[in-house]
Amino acid sequence: MTSMMLKEAISAAECVALQLASDTERYAELGRKLRSTSFSTALTVARGSSDHAANYCAYLIMARLGRVVASLPMSLVTLYKSPLVTRDTLTIAISQSGQSPDVVEPIRYFRDGGATTIALVNEIDSPLAQAAEWAMPLHAGREQSVAATKSFITSLVAGARLVAQWQNDPELLAGLAALPEALLEATKCDWSAAIDVLAPAKNIMVVGRGISFPIALESALKFKETSALQAEAFSGAEIKHGPMALIEDGYPLMIFATRGPTQAGLLQLAREMRERGARVLLAAPADVAERDLTLPTAATPDLDPIVAIQAFYVMAAKLAAARGMDPDRPRHLSKVTKTN
């Protein structure tokens with residue numbers, strides 16, 4: 001039986017097409033607002049998969065627009081009641097449900113203090129959407145599987161769309177327009193080699209760097225959620241600072257070597273880890289001869305993580321089934337998580 005997770009992951013292309021066809025003038029207006037406003041501080045507010053999407057959005061903002069972005073420890077607002085300075089601040093929240101108090105309360109706090117607040121949220125009638133000045137719907141539709149897939153992909157797209165309009169970059173906007181077709185192609189990638197390695201595995205290290213690191217974080221979370229596989233995500237720059245001590249013969253290591261300045265270092269890391277006995281699953285584009293898994297590519301390298309995670313999700317849903325798990329109902333988890 002095909003899992004709901006797999007069905008929803010495959011439907012992401014359709015959801016992205018709907019999002020890109022919607023709210024066009026609203027995004028353009030937001031872009032004009034961001035270009036005309038000076039920010040001394042930029043923050044993201046999110047949990048779980050949404051925090052990984054926020055990490056991607058933050059990377060694009062820093063790399064393309066030169067604004068330093070930090071992830072807000074929400075307990076500073078919800079528990080410590082810290083007197084945070086809110087003037088001249090941009091605050092971006094990302095959420096599927098828009099229900100969790102520790103995401104809603106900081107947005108309300110910063111908006112009351114005069115900050116520019118944006119919510120990229122699937123449930124547009126949620127408390128988070130109501131709290132933010134700018135509520136931008138993800139258009140992922142109802143997501144029934146506990147493991148987020150299409151809502152994560154649409155969150156990545158919404159973040160990239162925000163940046164494209166802020167930067168007013170025709171190339172990035174054109175790349176976004178081509179994403180639905182690229183996502184459909186990504187669902188066809190054959191990652192069965194990963195299932196063969198990971199079906200009997202007990203742990204795995206997932207590695208990325210730069211623009212691919214948020215995808216490593218998300219993949220590690222999905223391994224835990226859907227396959228009960230102990231997974232840790234690391235930047236390729238951090239492996240030699242301690243995590244390498246875990247490597248032994250046969251230790252599984254998945255490396256996302258997307259295009260861009262970090263790719264050469266990740267390919268070299270894959271070679272070194274193989275020499276140390278790791279069972280490397282190198283995910284790289286088709287022009288990388290030593291790849292184990294073929295990474296799909298988008299119209300521009302900054303969008304590659306979006307199609308990469310699509311290929312991963314299809315494999316992850318099949319891996320869960322191979323391990324005798326139900327990816328739609330991970331143990332101890334529910335669709336909406338509310339924390340303070």
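Predicted model only: the values in this text are computed from it and were never measured.
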Any Lys/Arg nitrogen of [X] or [Y] sitting under 4.0 Å from an Asp/Glu carboxylate oxygen of the other?
X    : Y    : result
E14  : K150 : no
R108 : E105 : no
E232 : K224 : no
R274 : D292 : yes
K188 : E185 : yes

Check whether more than 12 heavy atoms from other residues, nucleotides or ligands sit under 6.0 Å from atom CZ of R209, and answer yes or no.
-> no
Heavy atoms from other residues, nucleotides or ligands near CZ of R87 exceed 12 (cutoff 6.0 Å) = no
To the nearest 0.5 angstrom, please state how far the [atom1] atom of [X] sits from the [atom2] atom of [Y].
X    : Y    : atom1 : atom2 : value
L266 : T262 : CG    : OG1   : 5.0 Å
L221 : S49  : CG    : OG    : 4.5 Å
L173 : N168 : CG    : CG    : 7.5 Å
F213 : E218 : CZ    : CD    : 12.5 Å
N203 : F223 : CG    : CZ    : 11.5 Å

Which of these passes side-chain hydrogen bond (donor to acceptor under 3.5 Å, both in side chains) with S151: E143, Q96, E8?
-> E143
Before giving the answer on salt bridge (charged side-chain N to carboxylate O under 4.0 Å, His left out), spell out for R32 and E29 the whole-Å C-alpha distance, their side-chain angles and the decisive distance to 0.1 Å.
-> CA-CA 5 Å; R32 291 190 291 270; E29 182 184 359; 5.5 Å; no
Dump the intermediate steps for salt bridge (charged side-chain N to carboxylate O under 4.0 Å, His left out) on D249 and R276, then the final yes or no.
-> CA-CA 7 Å; D249 285 346; R276 295 177 184 274; over 6 Å; no
Going by the angle between their ring planes, with limits at 30° and 60°, are F256 and W191 parallel, tilted or perpendicular?
-> tilted
